[in-house]
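On a predicted model such as this, the values are computed, not experimentally measured, just so you know.
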Amino acid sequence: MNKKSKEIVEILKREYPDAKCSLDFETPFQMVIAVMLSAQCTDERVNKTTPSIFAKYKTPEDFVSINIEELEKLIHPCGFYKNKAKNIKACAQMIIDKYNGEVPRSMEELILLPGVGRKSANVVMLEAFGEAMGIAVDTHCKRIANRLGLSDEADPAKIEGDLLKFFDKSDYKDINHLFIWHGRNTCEARKPKCEVCALKKLCGFANDEIIRAKF
């Protein structure tokens, strides 16, 4: 770990000592469903939607059996409900057919599931199985990585590649949570709070009007 990466982690840990995953779940399969619903939707909205669903539908078999129109109705508040419902049912079916009803425990297998990309797989591996295999590049992570000069890429996979080389593996877990919390609370998309940002001294975006104009 270089000096800057170490300092970023230490500063954000002090700033957000309670940073953790915001999605509510009890089983790995529930985590898969929750993270799929969170695409282009807030975790808060997902957490308001899933309790009534998980109370009635608990297993992949339950989701395969549910009528597609009923599932669409249940997840409607999370947006893009038709595509999400289709993926949820296909994902549940694959878990039954290929993995004996158990959520697979590897990145390589998770990304094969319908509706589960690399970002989602990273989240599932960390939150459901306690293994930080990489860094989930969501909109917050992408924005912060670009603004801090950790990556000038736009593609999430390439940004993750840059971040994995910059941070030590032992810090992947923390960065997954810290970047999301920092993006929500300080480094916002439209009105970043640069004047109070704990990372201001390390951030070219916060200190250069020309750089800020690009965003």
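- A92 and F63 make their closest contact through CB-CB, 4.1 Å (heavy atoms, listed as atom of the first residue, atom of the second, distance).
- For N83, there are no side-chain hydrogen bond (donor to acceptor under 3.5 Å, both in side chains) partners at least two apart in sequence or on another chain.
- The shortest side-chain heavy-atom distance between C187 and F205 does not fall under the 4.5 Å cut-off.
- Contacts classified as salt bridge (charged side-chain N to carboxylate O under 4.0 Å, His left out) and involving residues 122-140 (residues at least two apart or in different chains) are not found.
- One distance of note links CZ of R147 with SG of C197; it measures 10.0 Å at 0.5 Å rounding.
- Separation of atoms CD1 (I175) and CD1 (I135) is listed at 6.0 Å; rounding is to 0.5 Å.
- Among residues at least two apart or in separate chains, there is no salt bridge (charged side-chain N to carboxylate O under 4.0 Å, His left out) pair with a member in residues 89-105.
- Looking at every heavy atom in both residues, A206 comes nearest to K200 through CB-CG, 3.9 Å.
- Looking only at distances, no side-chain donor or acceptor of Y172 sits under 3.5 Å from a matching main-chain atom of M133.
- Sorted by first and then second residue, the salt bridge (charged side-chain N to carboxylate O under 4.0 Å, His left out) pairs involving residues 50-78 (not counting sequence neighbours) are E72-K82.
- Shortest non-hydrogen contact noted between K169 and A132 is NZ-O, 3.4 Å.
- The shortest non-hydrogen separation linking K4 to L148 is NZ-O, 3.0 Å.
- Taking the side chain as every heavy atom from C-beta outward, I144 and L150 never approach each other to under 4.5 Å.
- Side-chain atoms of N47 come within 3.5 Å of backbone atoms of D24 as a donor-acceptor pair (strictly under, hydrogens ignored).
- Separation of atoms OG (S151) and CD (E153) is listed at 5.0 Å; rounding is to 0.5 Å.
- Using a 4.5 Å cut-off between side-chain heavy atoms of Ile, Leu, Val, Met, Phe, Trp and Tyr, with links allowed through other members, M125 and L163 fall into different hydrophobic clusters.
- Using a 4.5 Å heavy-atom cutoff, the side chains of L71 and Y57 are not in contact.
- Taking 4.5 Å as the limit, some side-chain heavy atom of R14 sits within range of a side-chain heavy atom of I11.
- Between the CD1 atom in I88 and the CG atom in L113 there is a gap of 12.5 Å [rounded to 0.5 Å].
- Distance alone, capped at 3.5 Å, is enough to place a donor-acceptor pair between the N176 side chain and the G134 backbone.
- Considering only heavy atoms from C-beta on, N122 comes within 4.5 Å of E160 through its side chain.
- When atom types are taken as modelled, the side chain of K84 and the backbone of C78 share a donor-acceptor pair closer than 3.5 angstrom.
- When atom types are taken as modelled, the side chain of N2 and the backbone of S5 share a donor-acceptor pair closer than 3.5 angstrom.
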Verdict with supporting geometry, K119 and C141, side-chain contact (heavy atoms from CB on, under 4.5 Å) | CA-CA 11 Å; K119 185 203 78 171; C141 184; over 6 Å; no
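- Residues M36 and C91 are in side-chain contact: their nearest non-hydrogen atoms beyond the backbone lie under 4.5 Å apart.
- Although no hydrogens or angles enter the test, the distance criterion places no donor-acceptor pair under 3.5 Å between the side chain of D152 and the main chain of N146.
- A single hydrophobic cluster is not seen to contain both V64 and Y81; linkage of ILVMFWY side chains at heavy-atom distances under 4.5 Å, directly or through other members, places them apart.
- Taking both residues in full, the closest heavy atoms of L110 and P104 are given as CD2-O, 3.5 Å, listed atom of the first, atom of the second, then distance.
- Hydrophobic clustering keeps F29 apart from I111 (ILVMFWY residues linked when any side-chain heavy atoms are closer than 4.5 Å, directly or through intermediates).
- From Q30, atom CD reaches atom CD1 of I53 across 10.5 Å, with rounding to the nearest 0.5 Å.
- With contacts defined as side-chain heavy-atom distances shorter than 4.5 Å, the pair I66/L74 qualifies.
- Of all heavy-atom pairs spanning H140 and R143, the tightest one is ND1-NH2, 2.8 Å.
- Remark: T50 pairs with L37, V46, F54 by the side-chain contact (heavy atoms from CB on, under 4.5 Å) rule, at least two apart or across chains.
- Counting non-hydrogen atoms of other residues, nucleotides and ligands closer than 6.0 Å to CG of N100 gives a total of 12 or fewer.
- Remark: A19 pairs with Y16, H177, L178, W181 by the side-chain contact (heavy atoms from CB on, under 4.5 Å) rule, at least two apart or across chains.
- At least one side-chain heavy atom of E7 sits under 4.5 Å from a side-chain heavy atom of K201.
- Enclosure of atom CD in E188 by more than 12 non-hydrogen atoms of other residues, nucleotides or ligands within 6.0 angstrom is indicated.
- If you take CG on D174 and CZ on F167, they are separated by 10.5 Å, rounding to the nearest 0.5 Å.
- When the options V103, V124, L126 are evaluated for a side-chain contact (heavy atoms from CB on, under 4.5 Å) with M31, the one that passes is V124.
- A single hydrophobic cluster is seen to contain both F179 and L164, as judged by linkage of ILVMFWY side chains at heavy-atom distances under 4.5 Å, directly or through other members.
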